Amino acid sequence: HSALTYQPVARCSVTKARAATLQLPHGPVPLPIFMPVATQASLKGLTPHQLDETSCRLCLNNTYHLGLKPGQATLDAIGGAHKLQSWPHNILTDSGGFQMVSLLELATVTEQGVRFLSPHDRSPMLLTPEHSISLQNSIGSDIIMQLDDVIATTSPDHARIKEAMHRSIRWLDRCIDAHKNSATQNLFCIIQGGLDLELRKECCEEMVKRDTPGIAIGGLSGGEAKEEYCKVVTTCTDLLPDHKPRYVMGVGYPEDLVVSVALGADMFDCVWPTRTARFGNAITSTGVLNLRHASYSADFSAVDPDCKCTICRPVSAGGLGLTRAYIHHVAAKETAGAHLLSIHNVHYLLDLMRRIREAIIADTYPQFLRGYFSTLYAGDKTKYPAWIVEALRGVNVDLMVD
Amino acid sequence: MFKATASSGSGALRTGVLSLPNRQAIKTPHYLALASRGAIPHLTQDNVVKHTGIRGAYMAAEDFVEKGTPILNYNPPDGTSRLRAYTATPDNHVLILGARRSPPVPSPGASTDSHMSIMTAFGFTKLQDKTFRDLTTSLNPDIVVGLGDIPYGYYKVSYKKIDKITNRTAKWMQAHVDERALAKKEHGAGLPLLYAPLLPISAESQRYYVDHLEDMAQDIQGLAIYNTITLGDLPGHLKHLPRLGLTEPNNPRAVLQDVAQGIDVLTLPFLSGITDAGVALDFQFPVSVSIPEEPLPLGVNMWDTKHATDVSALRKDCPCYACTNHHRAFLQHLLSAKEMLAWVLLQIHNHQIMDEFFAGIRQSIDRGTLEQDIADFERVYQPELPESNGRGPRLRGYQFKSEGPNERKRNSAPFTVYKANPDKSDKIAQKDSVPVPGPDAIAEDLEKVGFAEKTE
Ligand SMILES: [Zn+2]
Ligand SMILES: [Zn+2]
């Protein structure tokens, strides 16, 4: 009941980082990987060809949004999300539950499913694990996610967190039963349990038994302390089988990616790189630059001089050779300005993952980590966040010692 | 530079080729893309190259003027034109720079002998004539439209005013030509071509200036036309020059009339407007269908939910990127989801339709059938572009729709204009036929599309 193969390529001899190739129904995907989020079957003004050019081979669509628009009937008529958006590569969809709970104020979770009031006429509605899977079957995504009971990790209600963890296991069973396309779509379970490591361990054990093709660690990146985040990730990866992909949901800041890979995670997604592009923010190896700031109006260097994306590459290398000054000139004034920065930001993160993978294969990931943070903080170790130093010490890399 | 290849009868109508060193030649009549802050709306520069047939763009100096005008500090690699490198305009595209956008936002302040009022991203400001000339030299486009005191948006220009704007424009152009003569002596060649703006009044009414232009003939390589009324009595010594139309035609019919009166290269402000409205243009020129009972719309409103499951192209057999890679259902989805890609794809498609439109116009002129072809076109298609009830992309603060105090008088159409039945043409805006499920959809709609179920 799996439509993927996980082919290990290399393991870091010091940290828990892994490099692999994930064979999915729409082609191979290099792990570790960052997945950009094309919420409504489109990545913020980029054509599928432009997304392809960033080297993206697996992107996200959101089930909640596609369920509303264009809706299941239309998706069935068109033949799924690949055909809707003319995307020849892989798609991963979430379950819709998280967005419902976070976007709709009055959503409540019961054993049946997520209850919510229709935003317009306030009539009560219900999204069950069966609905979610049925929608994702219509979407036809290569990886689908179970409906889980999402609680903010910062919730003080321990009993509720425990209930949510157990319910997520029961819902996984319902999702497995409801899943009609296991030959073409891979269902991933989602480990819950808040910041309670014992609950997380119990959840890992139960869900691993269900033997889904891949495993996600959910409920994180909701504002918990980074130290706590790292503890949960590393606790889970210790218990997860070697031969399955591990996906940490909702993570996308470059330093989070770099650390999480060292902790043994393989897959990540986040709306941040494209959302932040809309506000004129460029991700670079020396940090995030807000190009709307007046100081960039006469800065004629590339957005990131080391970047090989279409925007940053000089004309002599077949790129557009655009400058920070030009992005400043169009940022927030022309839609194309946001498109240009989205191309750069997505390319930057995908290229970061490529460099990470190369370092793992060369077994130089510890050196990569040192170099990465040294560049990011201009060699000033006093600026290294404690959580990063601590988390990497846990996997045998001490950034403070050269 | 510009060579007329064929002209029709005694009128100004002609086909030709505009060729500049190192640029792709432009067969005329043709159109230029209109850039906003150096970008063709919605299109990143890589998409322009890969997915459009665009040959050139018109840019406005006012889009680059700001405190300290930082672009002037840019020194692009390999000595490329500053404006071209800054905006990543492809090497083989013709780049034309004028003072103001087309159409410009009407400015509250009148011009003086030494400045005109322009609109920048930071509001209205004064542009000195000398500053403009220096700017054009420094930005180094292929073609500069000289500074003219164009009375934007006025239907009637008083005699007193005609006197003023004529003298002023003559003075500005003379200064520009004199400076160029000096610069050429000092630095040799390498200056942009200079097009002289003609005021939007008859040539006779601006005779003082037109006579001046004869003296400057050596250094004027083209004309910028703001109203085709000027072409009615254009003196012989200016006729061989290419004519850039900044006439702001508001639909394909108006384009045909402008071309019929002798415009060689046009800018088309309606193009981005129709894209923003969510309309995919769909018409042919010359027409190949028989006259329908009711005139056909010039485009398809992609907001209409009847397209929601339609996997056919925006226009049947269209070779454009949007039509060969995507379908109506996706466009409809993108629009209703307010996804920016909708306008990217529509912009690509609509420029394709313009490429075909102008290819058809050239054929028609070469065959000598333009008059008949326009008459047929006006019988087959509705006069106005379709309106849509959908909202365009979010407008940015400074992108006001420019509306002049009153409509400018144009030359009367040389060829028949058929009035469509006003009762019939009103039906263009189509009502939604299927409920659109969205954040404000009612529960029944959500259930209907298979999203969750109603519990009570
Ligand atoms: Zn870049
Ligand atoms: Zn097309």
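This structure is a prediction, so every number in the text was calculated from the model and none was measured. Labels below follow one simple rule: chain letters A, B, ... track the order of the sequence lines, proteins then strands, and each chain is numbered from 1.
- A side-chain donor-acceptor contact under 3.5 Å links B:H327 to the backbone of A:K83.
- Contact record, B:D63 with A:H329: O-CE1, 2.8 Å, taken as the closest heavy-atom pair.
- Ranked by non-hydrogen atom pairs under 4.5 Å with chain A, the options B:T87, B:I40, B:V49 are led by B:T87.
- One finds a salt bridge joining A:E53 and B:K50 here, because a Lys/Arg side-chain nitrogen approaches an Asp/Glu carboxylate oxygen to under 4.0 Å.
- Neither the backbone nor the side chain of B:T80 comes within less than 4.5 Å of any heavy atom of chain A.
- For the options B:D91, B:D78, B:T309, heavy-atom pairs under 4.5 Å to chain A are most numerous at B:T309.
- In terms of heavy-atom pairs under 4.5 angstrom with chain B, the leader among A:G319, A:A77, A:S297 is A:S297.
- When each of A:G113, A:A336, A:S132 is scored by its heavy-atom pairs under 4.5 Å with chain B, the top score falls to A:A336.
- In terms of heavy-atom pairs under 4.5 angstrom with chain A, the leader among B:A322, B:A337, B:A88, B:A342 is B:A337.
- In this structure, A:T74 and B:A308 approach most closely via the heavy-atom pair CG2-O, 3.2 Å.
- Near-neighbour residues of residues 41-50 of chain A relative to chain B, defined by a heavy atom under 4.5 Å from a heavy atom of that chain, comprise A:A41, A:S42, A:K44, A:G45, A:L46, A:T47, A:P48, A:H49, A:Q50.
- Annotation for A:K333 and B:A121: closest pair CE-CB, 3.5 Å, computed over non-hydrogen atoms.
- Shown here for B:Q45 and A:L320, the closest heavy-atom pair between the two residues is CB-CD2, 3.6 Å.
- Looking at B:K338, neither its backbone nor its side chain comes within 4.5 Å of chain A, counting heavy atoms on both sides.
- For the residue pair B:P41 and A:E334, the shortest heavy atom distance occurs at CA-OE1, 4.1 Å.
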For this session: For the pair B:W343 and A:T335, evaluate side-chain contact (heavy atoms from CB on, under 4.5 Å) and give the outcome as yes or no after the intermediate values.
Result: CA-CA 10 Å; B:W343 293 287; A:T335 58; over 6 Å; no
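- When heavy atoms are compared at a cutoff of 4.5 Å, B:F64 approaches chain A by way of both its backbone and its side chain.
- For residues 298-316 of chain A, a heavy-atom distance under 4.5 Å to chain B picks out A:A298, A:F300, A:T310, given by residue number.
- A heavy-atom distance below 4.5 Å is not found between the side chains of A:Y326 and B:R37.
- Using a 4.5 Å cut-off on side-chain heavy atoms (C-beta onward), B:L341 and A:Q85 make no contact.
- Residues A:L66 and B:H333 are in side-chain contact: their nearest non-hydrogen atoms beyond the backbone lie under 4.5 Å apart.
- Looking at B:L334, the atoms closer than 4.5 Å to chain A (heavy atoms on both sides) all sit in the side chain, from C-beta outward.
- In this model, no donor atom of one side chain and acceptor atom of the other lie less than 3.5 Å apart for B:T44 and A:H339.
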